[in-house]
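Working notes, structure below.
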Amino acid sequence: MHFLDLKDFNKSQLRTILKAARTRKQARARLAQGELDADQPLKGKIIALVFERPSTRTRFSFEVGIRQLGGDVFTASGTEMQLGRGETVADTARVLSRYVDAVMIRSKKRETLQEFASAATIPVINGLTNMTHPCQVMADVMTLEEKNGTLDHNKVAWVGDGNNVCASWIEAIGILGGEMNIGCPDSLVPAAEFMTWAKAQNAKVQVMRDVEAAVAGANCVITDAWVSMHDEDIENRHNLLRPYQVNEALMKGAAKNALFMHCLPAHRNEEVTDGVMDGPYSVVFDEAENRVHAQKAILLSCFGKL
Ligand code: CP
């Protein structure tokens, strides 16, 4: 089974993945990073990681997680493959399907992921596209729930660009429950398809221009870089998003002890101040760690092992 977007799954399926992630994390609490999980459920499996965009967390968290599960892994960038010289995405998918047991792909465009997944005969995992980042948000939800209880009892505030991570958060809220305020400028609201989908689910997701109103009472404040890997209008984005910086004053308007989350990499003192990033309620490095645990559970789900 592919793992392309959260909206492809129901609540019970996402809950099963989150539970497995927590269980595996707890089970290896005393193990060194390089030690294998006792059951080695991916023994004999090989997974390819393909990146059309740079990555630190997605690459290393998948590599570590696959090794801990007893599997083998190798990584390539799109430019070092024939994909970068015009071989079709579909043919690449057909070939890799003969070599490996699953592929995680980070693609510049969602259409590339979709074409790859349609042609592949093995599970394909979305490691980020211009539109969504579901692996990140599974780790985010896991992190929030470790600290604050289940998502359906939380109100999260997304601050800044209504980007691909925001889109996967909308899908998480639509499936798992909870409330989400999105504080962003008019020109950087989430793509209409996500808001239309959220409305059809009766999800409690609203977009507001007023950033203070968006964070009021929220028990988790989330932001992301002002300029994502696929964006070009850098100066304009900085001008639009400067009023949406997450700083100590903004956090004071959120609920007492509200968490701060950021998928990283952070641009310190742009979208978030040092004081918030390094403050007592910042869980950004827990999020980064949980990429490993969440993705291990996602992989097991793809292989029908949950
Ligand atoms: N958050 C995230 O996906 O990080 P990388 O771009 O480093 O993989």
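We count ligands from 1, going down the list as the structure has it; atoms in each ligand are counted the same way. Since the structure is predicted, the reported quantities are computational estimates derived from the model, not experimental observations.
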Item to complete: Using side-chain contact (heavy atoms from CB on, under 4.5 Å) as the criterion, list what pairs up with Thr75, not counting sequence neighbours.
Response: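 Testing Thr75 for side-chain contact (heavy atoms from CB on, under 4.5 Å), a comparison that skips the adjacent residues, returns Leu49, Phe51, Arg59, Glu63.
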
Fill in: Partners passing side-chain contact (heavy atoms from CB on, under 4.5 Å) against Ala76 (at least two apart in sequence or in another chain)
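For Ala76 the side-chain contact (heavy atoms from CB on, under 4.5 Å) partners, ignoring immediate neighbours, are Glu80, Met81.
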
Fill in: Nearest non-hydrogen partners of Cys302 and His2, listed with the distance
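Taking Cys302 first and His2 second, the nearest heavy atoms are SG-C, 4.3 Å.
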
Fill in: Sequence-distant partners of Asp101, salt bridge (Lys or Arg N to Asp or Glu O under 4.0 Å), two or more places apart
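By the salt bridge (Lys or Arg N to Asp or Glu O under 4.0 Å) rule, Asp101 matches no residue at all.
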
Worksheet entry | Candidates Glu115, Glu52, Glu193 - the one meeting salt bridge (Lys or Arg N to Asp or Glu O under 4.0 Å) with Arg110 |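 Among Glu115, Glu52, Glu193, the one meeting salt bridge (Lys or Arg N to Asp or Glu O under 4.0 Å) with Arg110 is Glu193.
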
Fill in: Whether Phe3 and Phe9 hold their rings parallel, tilted or perpendicular, with breakpoints at 30° and 60°
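Taking Phe9 first and then Phe3, their aromatic rings sit tilted (interplane angle of 30° to 60°).
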
Practice prompt. With a 4.0 angstrom cut-off on heavy atoms, strictly below it, pick out the residues next to ligand 1 and order them by chain and number.
Written response: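 If the criterion is a heavy atom under 4.0 Å, then ligand 1 touches Ser55, Thr56, Arg57, Thr58, Arg106, His133, Gln136, Cys263, Leu264, Arg291.
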
